[in-house]
Each structure stands twice: as structure tokens, then as C-alpha cells.
**Student:** 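Can you keep this structure in mind? I'll have questions shortly.
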Amino acid sequence: MKTVYTCFCTDVIHEGHLNIIHEAGKYGEVIVGVLSDEAMLRFNRFPTVDFEERFHLVQNLDGVKNVIVQKDILYDQVISEWHPDYVIHGDNWKEGPMKAIRENVAMLLSKYGGEIIDVPYTYNENVKRIDARVKERLAMPEYRRKRLKQLIKICPIVKALEVHSGLTGLIAEKTIVENNGELDQFDAMWISSLCDSTVKGKPDIELVDMTSRFRTIDDVMEVTTKPVIFDGDTGGMTEHFVYTVRSLERMGVSAVIIEDKTGLKKNSLFGTEIQQTQDSIEHFCEKIIAGKKIQLTDDFMIIARIESLILEQGMEDALNRARAYVGAGADGIMIHSRKKEPTEIFEFCDKFREEFESVPLIVVPTSFNQVTEMELCRHGVNIVIYANQLTRSAFPAMERTAKDILKYHRAKEVEQNLMPISQILTLVDEL
């Protein structure tokens with residue numbers, strides 16, 4: 001009896017999956033792989049139910065001979081172990097990022113004469129409605145809020161991209177790349193105070209009030225499902241910060257990062273070039289304690305950002321503050337530097353990890369941008385935030401377009417640099 005293999009990465013079985021199993025049964029015994037949680041993340045499918053439930057869901061389907069775990073989005077291990085005669089899949093993997101998966105399968109099967117079966121992809125109104133409901137569930141506050149903690153446990157390093165609007169949120173949500181046969185994407189979104197202020201044409205001095213900043217969160221969350229990390233600047237007065245925590249938690253934000261500075265907040269990359277005052281350890285700890293006391297769930301994270309290296313207060317001061325902030329209940333530590341080399345960041349991370357094995361570490365490699373994610377991971381970093389790159393790339397492009405229109409007195413010359421309207425329309429989902 002020949003064997004037919006297919007892989008499911010779904011929380012809900014619908015007629016498309018049943019059709020795959022029906023077609024597979026025509027060729028032999030059907031083996032179904034259930035994609036692991038880790039692999040689903042890489043495949044842009046965050047599970048809404050746990051792995052055991054998804055596995056059991058497939059086990060109960062008629063026509064399925066065996067159910068196994070597929071631990072990677074590529075099929076190497078499965079094909080090496082099971083040597084299926086056929087691999088069956090919807091024909092949607094013939095294009096886009098998924099094409100790399102199909103090419104990998106074809107190469108593996110060719111070594112012993114196996115074949116691919118491409119089945120017309122099932123996408124009707126019923127399937128569309130089911131997919132939309134899964135997406136809506138992922139976007140609900142109670143599911144989205146806890147996802148960052150889940151990602152930290154699952155991913156070697158969590159990648160967060162700055163967003164400042166619904167459109168940039170969609171870019172972070174939908175951008176998937178294929179590189180050397182692997183698929184990759186961003187895991188979370190960072191709503192930056194700097195970028196939020198800049199887009200509104202305001203200086204980065206905590207001038208934009210929280211009501212306006214919450215509106216940005218609403219715009220992003222309305223069209224995305226990935227977890228949100230919020231740049232809370234200094235957190236403001238402790239009496240105000242507790243309300244911010246309660247509001248963010250209710251909205252479904254996963255974490256707020258606050259920095260240990262006082263007074264009129266200025267961007268950290270100015271360093272000591274302008275006057276900036278670091279908060280006392282005691283007062284900042286009181287703010288953390290107050291925030292943790294007011295939150296209602298264990299999902300929400302308050303992350304303390306240490307400015308000691310920025311303000312040239314030394315490594316020992318940074319480590320002392322880290323100890324105090326963790327002791328006050330901080331769910332993670334963000335360490336920042338404006339040096340061009342990551343040496344002092346690595347030193348802090350290594351020394352911090354000697355004392356705190358599991359407390360999340362967050363780094364923003366804006367000035368030392370040559371460092372790779374894997375290098376950061378080796379030094380114990382859990383989250384890397386690309387904090388302003390979308391904003392910084394958008395403004396030069398828009399300015400160049402504006403200048404060229406003025407220069408040529410028409411839009412023809414700029415057209416080659418523009419995204420087609422049709423592509424923008426496909427980026428924005430319709431209900």
C-alpha cells in the first residue's frame with residue numbers, strides 16, 4: 001500500500017482540509033502531519049488552541065491512517081523518516097513565499113521517485129468566513145495580550161518592528177520572506193513614541209497625549225493580530241501611569257516599556273549632548289510596583305528600560321538598577337546604548353544572565369545596527385526591536401517623490417518608484 005503525506009497548520013477543520021484527505025485517499029494510506037507551535041509561528045499561523053487539541057482534531061478525521069508531528073515548516077525530517085510515495089497539498093503553494101516549501105519537497109522526493117499532488121485550493125465563502133473568524137479571534141484582547149509571553153517561550157528571539165499606523169501594521173503583519181529555503185516574518189509590533197510623534201509632526205518630548213497614542217494603537221489593532229509592545233516613555237507621574245497600564249491591558253497590548261528618566265523626556269540617542277535626568281532607583285521602583293499592583297491579568301508585561309549606559313553612568317549602575325527593577329516586579333529589562341559597537345550591550349547581557357536566567361532581555365540595535373539577531377540571542381537577548389526603520393525609510397521616499405513632482409510638473413517620472421494602486425488594495429483586507 002502506498003503512502004500519501006499532507007501537513008495541516010490549522011485550528012479549524014473545514015471542507016478544504018476534508019477535500020485534501022479525500023483526494024489523498026485515492027492514492028494510498030493517508031498520513032497527516034500536524035505542524036508544531038514553533039513551526040506555525042514561522043508559517044504566519046499563530047495557534048489559537050494548544051497543540052494537543054489540534055493533534056486530536058486530526059486524529060478523529062475519517063480516512064486518516066496516521067497522525068504525526070511536523071516540527072518544521074520544511075518537510076526534510078518527515079520525508080527522511082517516512083519516505084511517502086506522494087505529498088499532497090493545495091495548489092496555493094505554487095506561488096508566493098510557500099513556493100520555497102514546494103521546491104524543497106520536490107527536491108527531497110526526486111531522490112527516490114516520490115511525487116507531488118497539487119489539489120485546487122478550496123476557497124469559497126464558507127472557508128473565507130471560517131478564516132476570518134480565526135483572524136478575529138487572534139485579534140481579540142484576551143488572545144493577543146498573552147501572545148508575547150508565549151512567543152518568548154517558543155522563539156529563540158522575538159522580532160518586533162516599529163509601526164505607526166494601520167498601514168504599517170499591515171506591513172509588519174503580512175511581510176514574509178523566503179531565504180535559503182526558510183520562511184521568516186516579524187513576531188510583534190512596536191508602537192514607538194518617537195515615530196508616533198514624528199508622523200503627527202510633533203517633537204518627541206511626550207507632547208502627544210495618551211488619548212492620541214491610544215488612537216494609534218486602535219488603528220493598528222483593528223487590522224492586525226500580532227502582539228503589541230508600547231513605548232511608554234517615562235511612564236509619566238506614577239498616579240497617571242497606573243491608568244495607562246489599566247488602559248493598555250484592557251486594549252490587549254502585551255507590554256509597556258518605560259525608561260528610568262524624569263522631567264522633559266528627550267530622545268535617548270542624544271545621550272549627554274543635552275541635559276537628561278535619570279530617575280532615582282527608589283522612585284522608579286515605586287512606579288513599577290504601582291503598575292504591577294493595578295494590572296488584572298498575568299499576561300501583561302511592564303518592562304523597565306535602563307538609561308545608565310546612554311547617560312554614561314557606568315556598567316555597575318546599570319546592573320544595580322536591573323537588580324532593583326526585577327526585584328520591584330519588572331517583567332523584563334531593556335538595555336540601551338548609543339555606541340556604534342555592541343560591546344557594552346553584550347557585557348551587560350552576559351553579566352545580567354549570570355544572575356537572572358529567565359528574566360526577558362530586550363535590545364534596540366539602532367546605533368549598533370551591524371549586530372545580528374543570532375549574536376544577540378547568544379548573549380541572552382529575548383526580544384529585538386527595530387524601533388524606527390519604517391518611519392525613517394518612508395520620509396526620504398515621500399520627500400523625493402514630492403521634489404520630483406515639483407521638478408517635472410507631472411507625476412510620470414515618479415511612477416516607477418511607486419507601489420501600484422492594485423497592490424495597495426490587496427494589502428488592505430475587505431470584510
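Position 1 is the first residue of the sequence, and the numbers go up from there. Nothing here was measured: the structure is a model prediction, and the numbers come from that model. Quick note: numbers below take in every heavy atom, side chains included, and nothing from hydrogens, waters or symmetry partners.
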**Student:** Can you confirm whether K99 is buried at NZ, in the sense that more than 12 heavy atoms of other residues, nucleotides or ligands lie under 6.0 Å from that atom?
**Tutor:**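 No - once you tally the heavy atoms of other residues, nucleotides and ligands closer than 6.0 Å, there are 12 at most.
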**Student:** Going by atom types only, do K261 and Q278 share a side-chain donor-acceptor pair under 3.5 Å?
**Tutor:**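 No, Q278 and K261 have no side-chain donor paired with an acceptor closer than 3.5 Å.
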**Student:** How many angstroms lie between atom CD1 of I68 and atom CH2 of W82, to the nearest 0.5 angstrom?
**Tutor:**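 CH2 of W82 is found 5.5 Å from CD1 of I68.
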**Student:** Is the shortest side-chain heavy-atom distance between Y75 and Q70 below 4.5 Å?
**Tutor:**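 Of all side-chain heavy-atom pairs linking Q70 with Y75, at least one is under 4.5 Å.
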**Student:** Taking all non-hydrogen atoms of both residues into account, name the closest pair between G291 and V245 and its distance.
**Tutor:**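 Shortest heavy-atom separation between G291 and V245 comes out as O-CG1, 3.7 Å.
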**Student:** Ion pair present between K351 and E347, side-chain N to carboxylate O less than 4.0 angstrom?
**Tutor:**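 Judged by the 4.0 Å cut-off on N to carboxylate O distance, K351 and E347 do form a salt bridge.
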**Student:** With under 30° as parallel and over 60° as perpendicular, where do the rings of Y121 and Y123 fit, or are they tilted in between?
**Tutor:**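 Judged by the thresholds at 30° and 60°, the geometry between Y121 and Y123 is parallel.
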**Student:** Parallel, tilted or perpendicular, judged at 30° and 60°: which one describes the rings of H379 and F346?
**Tutor:**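 Parallel.
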**Student:** Can you name the nearest heavy-atom pair linking I362 to I257, along with the distance?
**Tutor:**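 Here I362 and I257 meet closest at CG2-CD1, 4.4 Å.
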**Student:** State the NZ-NZ distance between K407 and K403, to the nearest 0.5 angstrom.
**Tutor:**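 If I round to the nearest 0.5 Å, the distance is 10.5 Å.
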**Student:** Within the distance-only criterion (no hydrogens, no angle test), does the side chain of R305 pair as donor or acceptor with the backbone N or O of T234 below 3.5 angstrom?
**Tutor:**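 No, the answer is negative, given that no donor and acceptor are paired below the 3.5 Å cut-off.
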**Student:** Quick one: pull up CD1 in I13 and CD1 in I130 and give me the separation to the nearest 0.5 Å.
**Tutor:**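 Result: 10.0 Å between the selected atoms.
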**Student:** I'd like to know if the side chain of E162 and the backbone of Y386 have a donor-acceptor N/O pair within less than 3.5 Å.
**Tutor:**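 Checked: no pair found.
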**Student:** Given salt bridge (charged side-chain N to carboxylate O under 4.0 Å, His left out), test E341 with K339 step by step and report yes or no.
**Tutor:** CA-CA 5 Å; E341 298 293 328; K339 298 285 181 65; over 6 Å; no
**Student:** Quick one about T238 and E286 (side-chain donor to acceptor, distance below 3.5 Å, no hydrogens or angles considered), yes or no?
**Tutor:**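 On atom types as modelled, these side chains do not qualify, holding no pair under 3.5 Å.
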**Student:** Does some side-chain heavy atom of E38 sit less than 4.5 Å from a side-chain heavy atom of C155?
**Tutor:**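 The answer is no; the side chains never approach within 4.5 Å.
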**Student:** Do D233 and R213 make a side-chain contact, defined as non-hydrogen atoms from C-beta onward lying under 4.5 Å apart?
**Tutor:**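 Yes, side chains in contact.
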**Student:** State whether the side chain of Q295 and the backbone N or O of T297 hold a donor-acceptor pair below 3.5 Å, judged by distance alone.
**Tutor:**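 Present.
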**Student:** Using a distance-only test with no angle check, is there a side-chain donor-acceptor pair under 3.5 angstrom linking N126 and E15?
**Tutor:**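 The answer is yes; a qualifying pair exists.
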**Student:** Could you check whether the rings of H14 and H17 sit parallel, tilted or perpendicular, using 30° and 60° as the cut-offs?
**Tutor:**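 Because their plane-to-plane angle lies in the 30° to 60° range, the rings of H14 and H17 count as tilted.
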**Student:** Only one of K226, K174, E173 passes side-chain hydrogen bond (donor to acceptor under 3.5 Å, both in side chains) with Q185; say which it is.
**Tutor:**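 Option passing the side-chain hydrogen bond (donor to acceptor under 3.5 Å, both in side chains) with Q185: K226.
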**Student:** Which heavy-atom pair separates T10 from R54 by the least distance, and what is that distance?
**Tutor:**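 What the structure gives for the nearest pair is O-CD, 3.4 Å.
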**Student:** Could you check if a side-chain atom of L361 sits within less than 4.5 angstrom of a side-chain atom of I383, using non-hydrogen atoms only?
**Tutor:**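 Counting from C-beta outward, L361 and I383 never come under 4.5 Å.
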**Student:** Answer whether the closest heavy-atom distance between the side chains of S254 and D299 falls below 4.5 Å.
**Tutor:**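 When only atoms from C-beta onward are counted, D299 and S254 do not touch, as no gap falls below 4.5 Å.
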**Student:** Which value, rounded to the nearest 0.5 Å, describes the distance between W190 atom CH2 and Q389 atom CD?
**Tutor:**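 So the gap between those two atoms works out to 12.0 Å.
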**Student:** When you measure from the side chain of E375 to the backbone N and O of T372, does any donor-acceptor pair fall under 3.5 Å?
**Tutor:**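 Between the backbone of T372 and the side chain of E375 there is a qualifying donor-acceptor contact (under 3.5 Å).
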**Student:** In Å, rounded to the nearest 0.5 Å, how long is the span from SG of C349 to CG of N382?
**Tutor:**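 It comes to 9.5 Å.
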**Student:** Check whether any side-chain N or O of R145 sits under 3.5 Å from a backbone N or O of E249 as a donor-acceptor pair, and report yes or no.
**Tutor:**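 Yes; judged by distance alone, with no hydrogens or angles, the pair exists.
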**Student:** Is a side-chain donor or acceptor of D11 paired with a backbone partner of T48 at a separation under 3.5 angstrom?
**Tutor:**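 Yes, the answer is positive, given that a donor and an acceptor are paired below the 3.5 Å cut-off.
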**Student:** When you measure from the side chain of D331 to the backbone N and O of I302, does any donor-acceptor pair fall under 3.5 Å?
**Tutor:**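 At least one qualifying donor-acceptor pair exists.
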**Student:** State, with a plain yes or no, whether a side-chain heavy atom of T6 is found less than 4.5 Å away from one of I31.
**Tutor:**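 Side-chain contact under 4.5 Å: no.
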**Student:** Got V34 and F8 here, is their nearest side-chain heavy-atom distance under 4.5 Å?
**Tutor:**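 No. Closest side-chain heavy atoms not under 4.5 Å.
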**Student:** Testing the 3.5 Å rule here: is there a donor-acceptor pair between the side chains of T391 and H164?
**Tutor:**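 Judged by distance alone, the side chains do pair up.
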**Student:** Tell me, with the steps shown, if E316 and R323 meet salt bridge (charged side-chain N to carboxylate O under 4.0 Å, His left out).
**Tutor:** CA-CA 11 Å; E316 195 54 40; R323 296 181 190 108; 3.4 Å; yes
**Student:** Go through the side-chain N and O atoms of T225 and R147 and say whether any donor and acceptor fall under 3.5 Å apart.
**Tutor:**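 No, R147 and T225 have no side-chain donor paired with an acceptor closer than 3.5 Å.
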**Student:** For the pair D279 and T262, evaluate side-chain hydrogen bond (donor to acceptor under 3.5 Å, both in side chains) and give the outcome as yes or no after the intermediate values.
**Tutor:** CA-CA 5 Å; D279 201 353; T262 61; 5.4 Å; no
**Student:** Going from CZ on F230 to OG on S193, what distance comes out if it is rounded to the nearest 0.5 angstrom?
**Tutor:**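 Spacing of CZ (F230) from OG (S193) equals 7.5 Å.
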**Student:** Evaluate S247 against T244 for side-chain hydrogen bond (donor to acceptor under 3.5 Å, both in side chains), listing each step before the verdict.
**Tutor:** CA-CA 5 Å; S247 296; T244 299; over 6 Å; no
**Student:** Nearest heavy-atom pair of P97 and L183: which atoms, and what distance?
**Tutor:**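 For P97 versus L183, the nearest heavy atoms are O-CD2, 3.2 Å.
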**Student:** Please check this pair: side chain of K149 against backbone of D298, looking for a donor-acceptor N/O pair closer than 3.5 Å.
**Tutor:**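 Pair found, side chain donor or acceptor close to backbone of D298.
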**Student:** Of all the heavy-atom pairs spanning V242 and A290, show the shortest one and how long it is.
**Tutor:**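 Looks like CG1-O, 3.6 Å.
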**Student:** Which heavy atom of V69 sits nearest to which heavy atom of S36, and what is that distance?
**Tutor:**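 Where V69 meets S36 most closely, the heavy atoms are CG1-CB, 4.5 Å.
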**Student:** Hey, is D404 close enough to R400 for a salt bridge, meaning N to O under 4.0 Å?
**Tutor:**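 No, this pair does not count.
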**Student:** Using atom types as modelled and distance alone, determine if a side-chain donor or acceptor of Q370 lies under 3.5 Å from a backbone N or O of K340.
**Tutor:**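 Confirmed, Q370 side chain pairs with K340 backbone.
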**Student:** Check whether R102 reaches the backbone of K94 with its side chain - one donor and one acceptor, N or O, closer than 3.5 Å.
**Tutor:**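 Not at all, since once roles are kept as given, no pair shorter than 3.5 Å links the two residues.
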**Student:** Does the side chain of L18 come within less than 4.5 Å of L61's, by heavy atoms?
**Tutor:**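 A side-chain contact under 4.5 Å exists here.
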**Student:** Looking at R321 and D317, does any basic side-chain N land under 4.0 Å from a carboxylate oxygen?
**Tutor:**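 Salt bridge present between R321 and D317.
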**Student:** Would you mind checking if D187 and K159 are paired as a salt bridge, meaning a charged N to carboxylate O distance below 4.0 Å?
**Tutor:**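 Looking at K159 and D187, the cut-off is met.
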